[in-house]
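In listed order, ligands and their atoms are each counted from 1.
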Amino acid sequence: MNGQTHTVFDELGFRYEPDSLYHQVITDVLDTSGRLEQPRHLQLILAQPKNEIMVHYPVLMDDGNYRLFKGYRVQHNNILGPYKGGIRYHPDVSLDHVKALAVLMTMKCSLMRLPLGGAKGGVQVDSRAVSTDELRRMTRRFTSALGDNIGPNHDIPAPDVGTNAQIMAWMADTYINLSDARGRFTGQAVVTGKPVAFGGSYGREAATGQGLVYVVTELLPELGIPLDGCPFSVIGYGNVGSWAGRLFENAGGSLRGVMDHTGAIHADAGLDAYELAEHVAATGGVAGFKNAEAISVEDFYKLNVDLLIPAALEQMITETQAAWINAKVVAEGANAPTTPEGDRLLRERGITILPAILCNSGGVSVSYMEWRQDRDAVQWREERVQDELRSLMNAAAQRVKLAAHRYGVDLRTAAYASALEHIGQVYELRGIFP
Ligand code: NAD
């Protein structure tokens with residue numbers, strides 16, 4: 001933490017907690033802002049989310065009992081446009097994590113130059129442990145508890161870990177039903193990542209993995225790594241991991257190992273990324289996949305690959321895993337998968353990290369396209385979505401490379417620098433109200 005960041009922490013009464021994801025992320029952001037010599041008021045504003053909304057609500061469970069759920073929506077910053085960010089259903093959802101993920105959304109939208117701000121939400125629940133009926137009732141009640149805190153012109157949620165297109169459809173339907181004064185016509189633009197039949201966009205489901213693949217296929221050859229036969233491994237085989245796996249296989253990669261919450265698997269000859277996705281859809285995890293050897297977590301990290309794609313949860317790559325990793329490049333599909341100590345060790349070991357706010361911004365980019373389609377009541381062809389996504393990802397990758405060169409910094413710092421330059425410029429143009 002640099003001296004200026006220290007004084008911001010002091011002024012806001014924060015005491016640095018090394019295990020706090022929020023403190024880790026905001027320290028990186030503030031340190032980079034200090035390096036750019038940005039005004040102190042900008043750092044104070046970014047150091048705290050604008051709104052931290054916490055709701056508790058009862059839901060009727062299938063056994064006839066009521067259960068009380070805790071939900072969050074953190075709206076970090078909206079200087080660039082309406083708040084935007086996913087909703088997570090996971091037992092470990094906490095205010096600290098949701099705040100950190102909201103900051104990352106602000107940075108991501110700014111790096112991509114999208115007219116959107118940053119937010120994140122979540123509910124403490126294991127979505128695999130509740131029935132479909134319970135999930136629907138819980139989602140509708142959470143949406144109504146959020147009330148006017150979300151809206152197509154104000155704050156637009158999307159799927160994240162543990163949520164999907166069906167859950168977004170229930171959120172949109174609940175929102176539309178709550179009040180027709182809000183307008184039924186554009187009401188579905190309140191969330192993105194919906195099914196294509198109900199206001200969703202072609203390309204949204206695979207967008208995050210696709211965006212990551214656009215970035216790595218652009219940057220790996222520049223790092224001297226050929227795409228043809230490129231050995232790679234993936235952590236997490238959910239939405240992001242399985243699409244990154246399938247689409248990078250299409251681009252020439254050879255999937256050598258995958259780890260998820262059910263175990264780790266490996267095959268020297270390569271795993272079929274499409275068949276593995278079918279296996280996960282049928283069984284819930286990668287364990288037991290045919291033609292693959294079950295391996296330990298440590299052996300998974302030690303696999304000799306050119307590319308590792310973490311696409312599961314935050315803070316999975318600490319110093320321990322960073323010492324094991326035997327890859328040339330880590331392309332972060334998950335948000336904040338690398339702790340500061342893990343990051344430092346990977347860099348010391350000469351491993352290139354392609355940061356999350358660049359690699360996983362394909363999701364919010366196609367969400368932005370979905371929101372535009374909903375507002376115009378049109379549906380774009382898949383080719384148009386892919387063209388726009390490819391050019392947005394390539395432009396952002398160029399921005400990050402330029403910033404790394406200009407400031408002489410690693411790619412993560414460069415991505416924050418480019419995002420902060422844009423936000424700083426908009427604050428200067430708009431001024432601080434009144
Ligand atoms: P998902 O729920 O579809 O998949 C999560 C995966 O993580 C699953 O395969 C699960 O098995 C795995 N996992 C959970 N605990 C694990 C553990 N302890 N060890 C190994 N694997 C574990 O979620 P997703 O939407 O693919 O999101 C994954 C990451 O990508 C998250 O960090 C999310 O914030 C980020 N992200 C998602 C999107 C999106 O569009 N879905 C966009 C940007 C970023």
Side-chain angles (χ1 to χ4, degrees), residues 21 25 84-93 97-98 100-105 107-109 111-112 118-122 125-128 157-168 191-194 200-201 203-212 215 233-246 257-265 276-277 279-281 283-287 289 296-298 300-301 308-318 321 331-338 355-370 389 393:
L21 185 64
V25 169
K84 188 90 191 78
I87 299 274
R88 176 174 298 195
Y89 286 175
H90 193 275
D92 295 339
V93 162
H97 270 218
V98 177
L101 295 165
V103 176
L104 289 172
M105 284 307 298
M107 292 294 122
K108 211 179 290 185
C109 292
L111 172 64
M112 299 308 290
K120 198 81 182 188
V125 62
D126 180 354
S127 49
R128 283 188 279 254
D160 189 71
V161 176
T163 54
N164 56 24
Q166 173 62 76
I167 290 172
M168 293 305 112
V191 290
T192 57
K194 299 181 294 296
S201 175
R204 175 61 185 90
E205 199 208 320
T208 309
Q210 178 69 78
L212 182 144
V215 170
S233 57
V234 181
I235 307 175
Y237 217 66
N239 175 287
V240 179
S242 72
W243 280 110
R246 282 174 275 185
V258 179
M259 178 176 79
D260 73 359
H261 72 288
T262 64
I265 56 167
L276 182 57
H279 173 81
V280 171
T283 67
V286 301
F289 184 55
S296 69
V297 170
E298 181 172 341
F300 168 82
Y301 280 103
L308 168 65
I309 304 173
L313 299 176
E314 296 80 36
Q315 294 177 305
M316 288 187 73
I317 302 177
T318 68
Q321 290 76 22
E332 295 180 335
N335 286 304
T338 316
I357 67 162
L358 170 63
C359 287
N360 71 22
S361 56
V364 71
S365 300
V366 178
S367 274
Y368 167 57
M369 297 179 214
E370 177 177 332
L389 178 60
M393 298 308 299

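One side chain, Gln321 or Thr318, offers a donor N or O that lies under 3.5 Å from an acceptor on the other.
Take Tyr368 and apply the ring pair (Phe, Tyr, Trp, His ring centres under 6.0 Å) test, not counting sequence neighbours, and it matches no residue. For Glu314, the salt bridge (charged side-chain N to carboxylate O under 4.0 Å, His left out) partners two or more places apart in sequence, or in a different chain, are Arg88. Legend: residues meeting side chain to side chain contact (heavy atoms under 4.5 Å, CB included) with Thr283, ordered by chain and number and at least two apart, are His279.
Shortest non-hydrogen contact noted between Tyr301 and Met259 is OH-CE, 3.7 Å.
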Distance dump, ligand 1 polar atoms to protein, N/O, under 3.5 Å:
unit_1: ligand 1; atom_1: 2 (O); unit_2: Gly162; atom_2: N; d: 3.2
unit_1: ligand 1; atom_1: 3 (O); unit_2: Asn239; atom_2: N; d: 2.9
unit_1: ligand 1; atom_1: 9 (O); unit_2: Tyr237; atom_2: N; d: 2.8
unit_1: ligand 1; atom_1: 9 (O); unit_2: Gly238; atom_2: N; d: 3.1
unit_1: ligand 1; atom_1: 11 (O); unit_2: His261; atom_2: N; d: 3.3
unit_1: ligand 1; atom_1: 11 (O); unit_2: His261; atom_2: ND1; d: 2.6
unit_1: ligand 1; atom_1: 21 (N); unit_2: His261; atom_2: N; d: 3.4
unit_1: ligand 1; atom_1: 26 (O); unit_2: Asn239; atom_2: N; d: 3.2
unit_1: ligand 1; atom_1: 26 (O); unit_2: Val240; atom_2: N; d: 2.9
unit_1: ligand 1; atom_1: 32 (O); unit_2: Ala312; atom_2: O; d: 3.2
unit_1: ligand 1; atom_1: 32 (O); unit_2: Asn335; atom_2: N; d: 3.1
unit_1: ligand 1; atom_1: 34 (O); unit_2: Arg88; atom_2: NH2; d: 3.1
unit_1: ligand 1; atom_1: 34 (O); unit_2: Asp160; atom_2: OD1; d: 2.6
unit_1: ligand 1; atom_1: 34 (O); unit_2: Asn335; atom_2: ND2; d: 2.8
unit_1: ligand 1; atom_1: 40 (O); unit_2: Arg204; atom_2: NH1; d: 3.4
unit_1: ligand 1; atom_1: 40 (O); unit_2: Arg204; atom_2: NH2; d: 3.3
unit_1: ligand 1; atom_1: 40 (O); unit_2: Thr208; atom_2: OG1; d: 2.7

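For Glu332 (side chain) and Pro337 (main-chain N/O), no donor-acceptor pair under 3.5 Å exists by modelled atom type.
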